[in-house]
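The block underneath contains the structure these notes are about, expressed in structure tokens.
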Amino acid sequence: MEEKIVTIHNVSRSFGKHQVLKNISLEMKSGEIFGLLGPSGAGKTTIVKQLVGLDLPSEGEIYLFQEKMPNLKLIEKTGYMAQSDALYGELSAKENLEFFAALYGLKGAKRKKRIKVVMETVSLSEHINKLVSTYSGGMKRRLSLAIALLHQPQLLILDEPTVGIDPVLRKSIWNAFYELKEIGTTIIVTTHVMDEAEKCDRLGMIRDGRLIALGTPEELKNKTNSTSIEEAFLVYGGAGNENKRSSHSNSSANYS
Amino acid sequence: MRINALVIRILRQIIRDKRTMALLIFAPILVLSMLYLVFNGDDYIPKIGFVDIPEQIQDQLNLDDAEITQYDSIHQAKKALSNHELDAYFLFENQKPSVVLEGSDPSINGSVMKWMQTALKPLQQNAPQKEIAVDYLYGSSEMRQFDYIGPILLGFFIFFFVFLIAGVSFLRERTTGTLERLLSSPLRKWEIVMGYVIGFGIFTMIQATIIAWYSIYVLDMMMEGAFGYVLLITLLVSLTALTLGILLSSFANNELQMIQFIPLVIVPQVFFSGLFNLETVSSWLSWIGPITPLYYASEALRGVMIKGYGWDMIYKDLLILFGFSLLFMILNIAALRKYRKL
């Protein structure tokens with residue numbers, strides 16, 4: 001099960017003169033929960049968009065399931081939850097689910113079953129017939145997640161999945177992630193919430209379009225003598241005190 | 001002070017949005033200029049055919065302010081009339097002067113009748129007992145201005161509303177992120193465009209049927225041809241409006257900017273679709289008509305509704321409308337490349 005699911009190879013992305021991603025290389029294995037951690041504007045969403053084929057690297061390549069992106073076949077194997085809730089407010093939750101299920105070719109009894117399962121996963125079953133426009137922010141987030149899970153993708157790409165969701169539900173959503181991991185699903189999660197980062201198998205810290213650190217949460221904390229991911233991030237990001245900076249002078253030099 | 005702050009904020013917002021500012025100033029200028037050009041066009045000079053009129057009579061007539069063409073037979077004149085080469089022809093039938101008008105445009109009918117009165121004055125002075133018999137190829141003297149502009153307005157309103165609604169709903173799809181979500185699914189770009197075309201196509205077919213039915217059977221708009229043709233034309237009109245609306249929505253960032261296309265895209269089409277006599281429009285502007293979809297829609301609708309045209313007379317207009325839709329669809333698919341490259 002140590003198959004490479006995602007390979008990001010020397011990827012850079014510029015919008016005009018503004019360079020958003022700077023030479024990023026990453027690999028993710030099957031059954032892994034990989035966290036992309038960084039402040040807003042760091043380039044997390046740009047990486048995610050490239051992974052789902054909505055954007056192309058200016059330089060470098062991206063491979064999913066060891067095939068080069070963009071490729072429509074690979075898109076079918078991927079579940080994506082965008083940062084903004086891409087839902088149709090004038091439709092009910094069920095109608096939204098049916099629409100997206102149809103896009104992924106789910107039909108009949110299978111569709112019904114999957115809709116039931118994913119709505120249970122995000123604890124929205126009792127609200128399935130309500131109009132999405134009457135949903136709260138957290139409910140919309142959960143419905144977006146449910147839609148991403150519908151077609152049982154092998155790779156789940158979730159852009160800030162738990163924003164606006166209360167701690168109890170967040171815990172149950174993470175439990176769902178662990179269950180998916182058990183059946184071999186690879187999950188990529190972006191977040192700027194540090195305690196959520198601790199729950200990932202491995203973390204990539206992004207700042208100003210650069211990958212500034214990579215490793216398990218334990219490794220990152222140990223290497224920097226930190227007690228929390230937040231501290232570790234500060235060290236790697238060069239925003240901490242001057243002494244700790246020397247350990248990563250190369251990448252931090254540009255930030256001052 | 002709070003009001004001040006508000007005023008400053010609003011002014012700043014307007015200045016930031018250069019497009020809205022430009023629109024506020026240039027759109028009225030543009031529309032007013034067009035109205036000026038349309039209404040202050042040259043006086044219409046009627047085109048009159050004379051069928052075998054003896055020269056001694058012609059010498060008595062006042063032939064200024066008209067384009068006169070001589071014909072040897074009624075048959076030739078009739079042909080010229082139905083080909084729009086003539087507005088009316090004049091002949092003597094059993095020694096009685098009579099005139100046959102093309103008749104589909106009440107304003108041209110008016111200028112022909114006005115010209116006749118001045119031209120024939122000398123003749124009537126000699127023989128006042130001779131009254132002029134007036135006949136119409138299409139329409140009748142009872143044809144109202146509404147019957148003439150009705151078909152155009154029918155096409156226009158369908159075009160206008162479909163354009164706006166389709167444009168705004170596609171814009172929403174873009175601004176709420178659902179378009180991006182669609183493009184991150186296996187859905188193909190052409191499928192998105194076709195989905196919109198079919199979805200709205202069904203809706204607009206219902207809309208077109210109701211509007212056409214209402215205009216013809218409730219407002220008693222003149223209707224010489226087949227209702228099926230009217231539906232076919234309006235369907236193609238809405239298809240064109242739909243695809244153009246979706247296309248232009250990719251150049252708008254919000255609903256307001258979509259509305260801004262109305263004076264730029266919709267209003268000029270009205271002016272050049274035949275609502276006003278195109279022959280009096282300044283010649284340096286006359287090229288606009290043939291590049292607008294509504295021009296062909298009006299031509300076909302007017303043909304069917306006033307002149308009772310059938311398929312062989314309108315298929316060219318329909319093909320051009322379909323061509324417009326096809327072009328816009330292809331451009332739409334190309335515009336979606338901005339979001340996903342395959």
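Order of the sequence lines fixes the chain letters, A, B, ..., with proteins taken first and strands second; residue numbering starts at 1 for each chain.
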**Report entry** B/E191 portion near chain A, given a 4.5 angstrom heavy-atom threshold
**Finding:** neither
Query raised in the report: Heavy-atom count around A/Y178 OH within 6.0 Å, excluding the residue itself: above 12?
Result: yes
Query raised in the report: Taking everything shown except A/K94 itself, do over 12 heavy atoms lie less than 6.0 Å from its NZ?
Result: no
Requested in this report: Please test B/L187 against A/F100 for side-chain contact (heavy atoms from CB on, under 4.5 Å), starting from the C-alpha separation and ending with a verdict.
Outcome: CA-CA 10 Å; B/L187 204 61; A/F100 284 104; over 6 Å; no
Query - CA sep, side-chain torsions, deciding dist, call: B/T178, A/L87, side-chain contact (heavy atoms from CB on, under 4.5 Å) - result: CA-CA 6 Å; B/T178 49; A/L87 302 166; 5.6 Å; no
Query raised in the report: Just how far is it from atom CG of A/L103 to atom CZ of B/R181, taken to the nearest 0.5 Å?
Result: 8.0 Å
Query raised in the report: So how far is it from A/Y88 OH to B/S169 OG, rounded to the nearest 0.5 Å?
Result: 10.0 Å
Taking all heavy atoms of [X] and all of [Y], pick out the closest pair and write down the distance.
| X | Y | value |
| --- | --- | --- |
| A/Y80 | B/S184 | CD2-OG, 3.0 Å |
| B/P186 | A/L72 | O-CD2, 4.2 Å |
| A/A86 | B/G177 | CB-O, 3.4 Å |

Query raised in the report: Would you say A/K49 and B/E180 make side-chain contact, with heavy atoms under 4.5 Å?
Result: yes
